[in-house]
Amino acid sequence: MIYLNGQWMPIEEAKVPVLDRGFIFGDGVYEVIPVYRRKPFRAEGHMQRLARSLAAVEIPNPHPEARWLELLAEIVARQPFADQAVYFQVTRGVARRDHAFPKESTPTVFMMSNPLVTPSDQAYARGVACVTATDNRWLRCDIKSTSLLGNVLMRQYAADRDAIETIMFRDGLLTEASASNVLIVKGGVIASPQKDNLILPGITLDATIDLARESGLPLEMRPVTEAEVRDADEIWLSSSTKEVLPVTQLDGKPVGHGDGAGRPGPMMARMRAAYQAAKAAL
Ligand code: PDD
């Protein structure tokens with residue numbers, strides 16, 4: 001069952017008017033929340049980011065956080081499967097087509113939940129391939145907007161090259177990947193770009209930062225150069241549906257140095273263990 005504007009229904013029955021600004025302009029924001037054994041992972045972080053995205057695009061938040069958390073619990077309970085990827089979307093609503101905000105409109109609220117599909121055991125064991133490109137998206141990548149054409153084209157660029165993700169650089173600095181944040185490891189230190197307008201503030205990235213601290217793994221949030229990424233010992237992707245995933249090929253070349261090149265590194269093993277423990281402790 002899905003949720004649309006206060007009603008529960010099978011997804012086949014859910015319909016949105018063609019003048020919905022989500023359809024016409026991509027004028028909306030969204031969230032993806034991972035759920036393990038019916039327990040949401042970092043739900044508050046996702047709800048706070050949803051509130052921030054809505055405020056950034058001036059869509060009135062239809063619900064206080066407590067109500068969003070209730071709706072989340074309800075959609076989770078309504079599914080026949082336990083591990084879920086819950087999707088929330090809020091658009092500016094239905095109005096005659098004009099770029100400027102309508103004087104009056106009611107936000108469209110849509111929620112669905114699908115089985116959570118994480119990468120295969122083999123992907124975590126062997127690592128995945130990524131390609132790189134110049135980041136050509138807009139300058140408000142901190143908003144989790146449904147206007148995702150830039151990300152869609154980047155993800156397709158990767159898919160066309162049998163890669164999982166496109167890792168992007170802007171002005172010689174790492175930003176993020178098409179649908180994930182990126183971390184690197186060099187000399188036993190994890191580094192990831194500081195949160196600013198050029199990247200999505202990932203909730204999985206927050207979890208990774210906290211777990212690194214708790215596990216005594218050194219981590220720096222700072223500008224990371226393209227050269228550092230290409231010379232890294234390890235490269236990681238983080239996202240709600242990928243968790244923390246090792247990248248072992250970049251533009252067709254093995255990641256890392258010496259015997260371990262092209263294989264997930266020792267820091268990844270520690271982070272993956274910490275991440276699995278955090279899931280088990282939910
Ligand atoms: N994508 N950066 C981008 C551009 C993303 O689209 C995502 C997530 C992330 C990681 O954010 P989080 O850890 O909060 O999932 C970073 C989601 C999963 C998606 O669009 O399906």
Side-chain angles (χ1 to χ4, degrees), residues 22 26 28-36 40-54 56 68 72 83-90 110-119 123 128 130-159 163-170 173-184 190 192-212 221 224 235-245 247 271-272 275 278-279:
V29 302
Y30 76 106
E31 275 299 326
V32 178
I33 305 146
V35 175
Y36 300 101
F41 189 68
R42 297 208 160 219
E44 284 79 9
H46 284 279
M47 295 311 145
Q48 283 156 19
R49 187 173 64 187
L50 177 63
R52 244 198 25 167
S53 295
L54 287 166
W68 280 119
L72 174 61
D83 289 349
Q84 305 181 20
V86 176
Y87 178 89
F88 283 23
Q89 177 173 335
V90 183
F110 168 55
M111 295 168 43
M112 65 177 166
S113 186
N114 293 309
L116 178 63
V117 181
T118 50
V128 297
C130 286
V131 291
T132 62
T134 299
D135 195 338
N136 59 7
R137 300 172 303 157
W138 71 332
L139 299 175
R140 290 307 306 276
C141 297
D142 55 319
I143 302 171
K144 200 161 172 65
S145 162
T146 56
S147 304
L148 282 173
L149 201 45
N151 300 69
V152 165
L153 295 176
M154 286 293 174
R155 172 73 184 95
Q156 187 58 35
Y157 181 82
I164 290 276
E165 278 279 45
T166 301
I167 293 178
M168 295 178 279
F169 304 107
R170 199 190 280 274
L173 296 177
L174 171 65
T175 55
E176 60 182 344
S178 357
S180 342
N181 292 111
V182 180
L183 306 95
I184 66 161
I190 308 164
S192 189
Q194 66 290 350
K195 293 178 194 166
D196 60 17
N197 60 308
L198 301 181
I199 66 169
L200 188 78
I203 306 302
T204 318
L205 180 62
D206 285 343
T208 307
I209 294 166
D210 290 350
L211 291 171
M221 304 292 284
V224 174
I235 302 176
W236 305 349
L237 299 174
S238 78
S239 93
S240 291
T241 49
K242 295 188 197 74
E243 304 181 352
V244 189
L245 183 64
V247 177
M271 179 51 66
R272 177 123 187 95
Y275 206 92
K279 279 164 54 181

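These values consider heavy atoms only, across backbone and side chains, with no hydrogens, waters or symmetry-generated copies. For ligands, and for the atoms within them, numbers begin at 1 and follow the listed sequence. None of the values given here were measured: they were computed from a predicted structure.
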Next item on the list: Please name the residue in the list Val128, Asn181, Ile164, Thr204 that meets the side-chain contact (heavy atoms from CB on, under 4.5 Å) test with Lys242.
Entry: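 The residue from Val128, Asn181, Ile164, Thr204 that satisfies side-chain contact (heavy atoms from CB on, under 4.5 Å) with Lys242 turns out to be Ile164.
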
Next item on the list: Run through Leu205, Val182, Ile203 and flag the one making a side-chain contact (heavy atoms from CB on, under 4.5 Å) with Ser238.
Entry: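 For Ser238, the side-chain contact (heavy atoms from CB on, under 4.5 Å) test succeeds with only one of Leu205, Val182, Ile203, which is Leu205.
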
Give the residue, atom name and distance (to 0.1 Å) of the protein heavy atom nearest [atom].
{"atom": "atom 5 (C) of ligand 1", "result": "Ala179 C, 3.4 Å"}
{"atom": "atom 20 (O) of ligand 1", "result": "Tyr30 OH, 2.7 Å"}
{"atom": "atom 13 (O) of ligand 1", "result": "Thr204 OG1, 2.5 Å"}

Atoms of ligand 1 close to [X] [distance to a heavy atom under 4.0 angstrom, numbered from 1]:
{"X": "Glu176", "value": "2 (N), 3 (C), 4 (C), 16 (C)"}
{"X": "Ser240", "value": "12 (P), 13 (O), 14 (O), 15 (O)"}
{"X": "Gly202", "value": "11 (O), 12 (P), 13 (O), 14 (O)"}
{"X": "Ala177", "value": "4 (C)"}
{"X": "Val32", "value": "19 (C), 21 (O)"}

Checklist line | Worked verdict on Arg49 versus Asp142 for salt bridge (Lys or Arg N to Asp or Glu O under 4.0 Å) | finding: CA-CA 10 Å; Arg49 187 173 64 187; Asp142 55 319; over 6 Å; no

At a non-hydrogen distance cut-off of under 4.0 Å, which region of [X] contacts ligand 1 (side chain, backbone, both, or neither)?
{"X": "Asn151", "result": "side chain"}
{"X": "Asn181", "result": "both"}
{"X": "Ser180", "result": "backbone"}

Measure the distances from the heavy atoms of [X] to every atom of ligand 1 and state whether one is below 4.0 angstrom.
{"X": "Ser178", "value": "yes"}
{"X": "Lys144", "value": "yes"}
{"X": "Arg49", "value": "yes"}

Margin query: To the nearest 0.5 Å, what is the distance between CZ on Arg137 and OG on Ser145?
Written below: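 Going from CZ on Arg137 over to OG on Ser145, the span is 11.5 Å.
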
Counting both backbone and side chain atoms, is some N or O of [X] under 3.5 Å from an N or O of ligand 1?
{"X": "Ser238", "value": "no"}
{"X": "Thr241", "value": "no"}
{"X": "Arg137", "value": "no"}

Next item on the list: Let me see the working for Ser53 and Lys144 under side-chain hydrogen bond (donor to acceptor under 3.5 Å, both in side chains), right down to the final yes or no.
Entry: CA-CA 6 Å; Ser53 295; Lys144 200 161 172 65; over 6 Å; no

Next item on the list: Give a yes or no on whether the backbone of Tyr157 and the side-chain of Thr166 come within a donor-acceptor separation of less than 3.5 Å.
Entry: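 Checking the backbone N and O of Tyr157 against the side chain of Thr166, no donor-acceptor pair under 3.5 Å is found.
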
Notebook entry, point to check: Is it true that a side-chain atom of Glu165 and a backbone atom of Ala179 form a donor plus acceptor pair closer than 3.5 Å?
Noted result: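 Flag set: sc Glu165 to bb Ala179 pair under 3.5 Å.
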
Notebook entry, point to check: Quick one: do Asp206 and Lys195 make a salt bridge, cutoff under 4.0 Å?
Noted result: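 Here Asp206 pairs with Lys195 in a salt bridge, since their nearest N and O are under 4.0 Å apart.
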
Next item on the list: Could you tell me whether Arg42 and Asp210 make a salt bridge, using a distance below 4.0 angstrom between a side-chain N and a carboxylate O?
Entry: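 Asp210 and Arg42: salt-bridged.
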
Check: Would you call the rings of Phe41 and Tyr36 parallel, tilted or perpendicular, where under 30° means parallel and over 60° means perpendicular?
Finding: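 If you compare the ring of Phe41 with that of Tyr36, the planes turn out perpendicular.
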
Note to self: Between Tyr87 and Tyr30, does the ring-ring contact (aromatic ring centres under 6.0 Å, His included) criterion hold? Intermediate values first, please.
What the structure shows: CA-CA 7 Å; Tyr87 178 89; Tyr30 76 106; 5.6 Å; yes

